[in-house]
Enquirer: 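Sending over a structure as structure tokens; questions will come in a sec.
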Amino acid sequence: MSGAKKNLKDRILVAHKALDGSVLNGTGTALHALRKEGIRSFSAVGFPLPREEAWKYTPVTRWLSDSYEFLPQRIDVSSVAEQPTRSLEGYHVLTLNGRLLSEYSTLPPDGSGAVVCSIQEAVQSFPELIDRHLGRYADHRSESFPALNTAFLKDGLFIYLRTATKLDQPLYITEVLHEDGSIFHQPRLLLIADKGSQASIVQICEGAASATSFENAVAEFYLASEAVIDHYHVFDRGDDAQIVETLNVYQEGRSHFSTNHVAFSGSLIRSNLNLLPDGEECETRLFGLVVARGKAHVDVHSLVDHAQPSCMSNELYKFILDDEATGVFNGKVLVRQDAQQTNAYQTNRSILLSSSAHMYSKPELEIYADDVKCSHGATTGQLDDEAIFYLRSRGLTKNHAKMLLLEAFAKDVLDLIEIDPLRERLIARLMDILSASATNNA
Amino acid sequence: MLQIENLHVQIEEDGTKILKGVNLSVSAGEVHAIMGPNGSGKSTLASVLAGRAGYEVTDGSVTFQGQDLLEMEPDVRAREGLFLAFQYPIELPGVSMSNFLRQAVNSVRAHRGQDELSAVEFLKMMKERAGYVNLDPSLKQRAVNEGFSGGEKKRNEIFQLAMLEPKLAILDETDSGLDIDAMRIVADGINRLRSEDRSFVIITHYQRMLDYIVPDYVHVLVDGQIVRSGDKDLALELEDQGYDWLKDEIAEGTLS
Ligand SMILES: Nc1ncnc2c1ncn2[C@@H]1O[C@H](COP(=O)(O)OP(=O)(O)O)[C@@H](O)[C@H]1O
Ligand SMILES: [Mg+2]
């Protein structure tokens, strides 16, 4: 075998050839050209090999099977039940296997300055924006997963905030999967936030995914100057779910971006987070909470690439690992020579609840400018026995004491969520998980 | 209330013998002071009573309200009515005082067959009892002991004692590190909590605390043994003469 997962790769190339002449047609020349680039580079690079540094702890082919379908399935839309996230106050976008279901969505009204439609529609309505932004930030020319996603690019979600649009409520994107067989899901999201626009965008990935399917999600965010985007991403698709997600964010001057990633379940979650503040006085925040149990494997790869002066970035990622779970944190902060007066902070803290859980933490700080303030720190440990004893001496059981300490540990991240009902929902879910975990270990 | 008989304790890790046959009997409502030089084993005794890990009881027994205390988990001891005010209270970042205490109070109450306190009742109780030790009400919003001054941490221990209403309170050097005003506040709080059915074991290095909390008995612990017991006057004697005369007597074998 000359490369990783050669059978699968061959099947992908065959499937692409068949589909590109039929189902994937009729989506305009822009998408056709991108797909061509995508398949060409995927054909060249294939899947990442374990010997590649970036995939060392996550030999991703281990989670891939040989028998996926790449064709978006025809699905009876009425099977999508009312989603529990509906009760959260805000605008709601429902996608099914990556396709926007407008009739089940509550979109921002015309005149709000926000446009939400499928990428296919956007090709017709906003050809210049598609041309300028789609495929410009995620690297489909050399990265396997963005290349593969781009090779089959057809549907996908397009969000456009016109200049100075201020969305008055959060925009929830509930991404539902329907699986009949083994599906290789490839959702795509393009967010364009024009000058001075503001919005909170919440991606919710819930509802069980099957062990035989795989999700390769790609999101590209463009923030024009002075745009303010708060992004949240919840991963809770059950213990069998397998997902590789790529998020690329491009920021112009004085824009603010924050993302808060919360992972509560999944067999494999690999996040590739690439943040490029490419203008002066940008602010970039990257927060994450991972709770992993069973044999779950969660790998967070982040890059904050400071190319311009006077920006700040702050990254805080926390892991709670139980059973035989594995966590990986590889956070790189790059401060290029021109990026004077950069303030960049990075922290990774992990708690191991079992002796079979593993954490690999690798913060990387690469600084080529001299007038900067940067710090990073990583700690991995167990819950503090003294703290547990203190709480027990006040009458709390051992499990109760542990839960209280873990809650405090996790809330450091969850308390940063500025949407009250979302935060409360996630804290409630966290407490459910922790109490189930405590009961199992009792 | 509490009977300690011939208690021998060693450090689990290296087998160092710390307590070498401690005997102590505390009845309901009594206040006992335990004094002794640094390193004599006072905190070890408190730790073993509260159930801290890392100590091994090699001989002897401890009975608390007729039950074998050493068989109980630390949290069961607390729910049964034993309270330890820590010599070095630990900081718990992110754990809010009110959340922690509400859960603690309710688990102790549930064990005693009392109803759970409502949120309103609980807040009222917190406000009242924090007042016992002049604890700033805003501290309750903060994380447990995080950013508290040394004095605030000690007062917080007594505040928790007031909230949990134990049968037996063991105070490990609650007075040390406090200036005279702070010590008075703490002592007043403790005096207010004295009652016929609540006993205290007050571990202290100095006798000055005992000017404010008058003990029924004073015991001197030297090198893992209680070498002398008496009334409050023994504390004054120690204040005058230090511990050396007792140590000398032990060395000469005039004390057993
Ligand atoms: N957990 C422990 N591990 C090792 N040594 C200990 C431990 N606890 C106490 N010791 C030792 O036991 C002796 C008594 O300590 P301690 O009980 O703290 O005395 P006191 O409170 O009277 O000052 C000291 O020599 C101390 O170093
Ligand atoms: Mg001590």
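The sequence lines fix the lettering, A, B, ..., with proteins before strands; numbering per chain opens at 1.
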Enquirer: Inspect the contact between B/Glu73 and A/Lys398 and indicate whether a charged nitrogen and a carboxylate oxygen are less than 4.0 angstrom apart.
Expert: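 Here A/Lys398 does not pair with B/Glu73 in a salt bridge, since their nearest N and O are not under 4.0 Å apart.
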
Enquirer: Does CD belonging to A/Glu418 count more than 12 external heavy atoms closer than 6.0 Å?
Expert: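 For A/Glu418, atom CD is not crowded (no more than 12 foreign heavy atoms under 6.0 Å).
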
Enquirer: Count the heavy-atom pairs under 4.5 Å between each of B/Pro89, B/Pro74, B/Gly51 and chain A, then report the option with the highest count.
Expert: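 If we count pairs closer than 4.5 Å to chain A, B/Pro74 comes out on top.
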
Enquirer: Is there a ring pair (Phe, Tyr, Trp, His ring centres under 6.0 Å) between B/Tyr88 and A/Tyr390 once you walk through the steps?
Expert: CA-CA 10 Å; B/Tyr88 305 108; A/Tyr390 189 86; over 10 Å; no

Enquirer: Please determine, among A/Asp412, A/Leu391, A/Asp415, A/Asp384, the option with the most heavy-atom pairs under 4.5 Å with chain B.
Expert: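 Highest number of heavy-atom pairs under 4.5 Å: A/Leu391.
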
Enquirer: Heavy-atom count check: over 12 atoms from other residues, nucleotides or ligands less than 6.0 Å from B/Gln114 CD?
Expert: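 Correct, the count exceeds 12.
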
Enquirer: Using a cut-off of under 4.5 Å for heavy-atom pairs, which of B/Ser107, B/Ala53, B/Ala143 has the most such pairs with chain A?
Expert: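 The residue among B/Ser107, B/Ala53, B/Ala143 with the greatest pair count is B/Ser107.
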
Enquirer: Which atom names give the shortest non-hydrogen contact between A/Ala408 and B/Pro93, and what distance separates them?
Expert: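 Looks like CB-O, 3.6 Å.
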
Enquirer: Please determine, among B/Val108, B/Leu84, B/Val76, the option with the most heavy-atom pairs under 4.5 Å with chain A.
Expert: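 Ranked by contacts with chain A, first place is B/Leu84.
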
Enquirer: Does any backbone or side-chain atom of B/Ile90 lie under 4.5 Å from a heavy atom of chain A? Answer side chain, backbone, both or neither.
Expert: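 For B/Ile90, heavy atoms of backbone and side chain both lie under 4.5 Å from chain A.
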
Enquirer: Check whether B/Pro166 gets within reach of chain A through its side chain, its backbone, both or neither, counting any heavy atom under 4.5 Å.
Expert: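 For B/Pro166, no heavy atom lies under 4.5 Å from chain A.
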
Enquirer: Would you say A/Ser393 and B/Phe86 make side-chain contact, with heavy atoms under 4.5 Å?
Expert: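 Yes, at least one pair of side-chain atoms sits under 4.5 Å.
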
Enquirer: In terms of heavy-atom contacts, does CD of A/Glu89 have more than 12 from other residues, nucleotides or ligands at under 6.0 Å?
Expert: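 12 or below, so no.
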
Enquirer: I need the contact set between residues 95-105 of chain B and chain A: heavy-atom distance under 4.5 Å, sorted by residue number.
Expert: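 Counting heavy atoms that sit under 4.5 Å from chain A, the residues of residues 95-105 of chain B involved are B/Val95, B/Asn99, B/Phe100, B/Gln103, B/Ala104.
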
Enquirer: Taking the side chain as every heavy atom from C-beta outward, state whether B/Val144 and A/Arg394 have any pair of such atoms under 4.5 Å apart.
Expert: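 Counting from C-beta outward, B/Val144 and A/Arg394 never come under 4.5 Å.
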
Enquirer: Assess whether atom CG of B/Asp197 is packed by more than 12 heavy atoms of other residues, nucleotides or ligands within 6.0 Å.
Expert: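 Yes.
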
Enquirer: Just wondering, more than 12 heavy atoms not from B/Glu116 lying within 6.0 Å of its CD?
Expert: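 It does not: B/Glu116 CD has 12 such atoms or fewer within range.
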
Enquirer: Taking C-beta and beyond as the side chain, do A/Thr397 and B/Asp75 meet within less than 4.5 Å on heavy atoms?
Expert: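 Yes, their side chains come closer than 4.5 Å.
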
Enquirer: Between B/Ala78 and A/Arg392, what is the shortest heavy-atom contact and its length?
Expert: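 Scanning both residues completely, I find the closest heavy atoms to be CB-O, 3.8 Å.
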
Enquirer: Which answer fits B/Arg52, side chain, backbone, both or neither, if we ask what part of it has an atom under 4.5 Å from a heavy atom of chain A?
Expert: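 Answer is both: backbone and side chain atoms of B/Arg52 are under 4.5 Å from chain A.
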
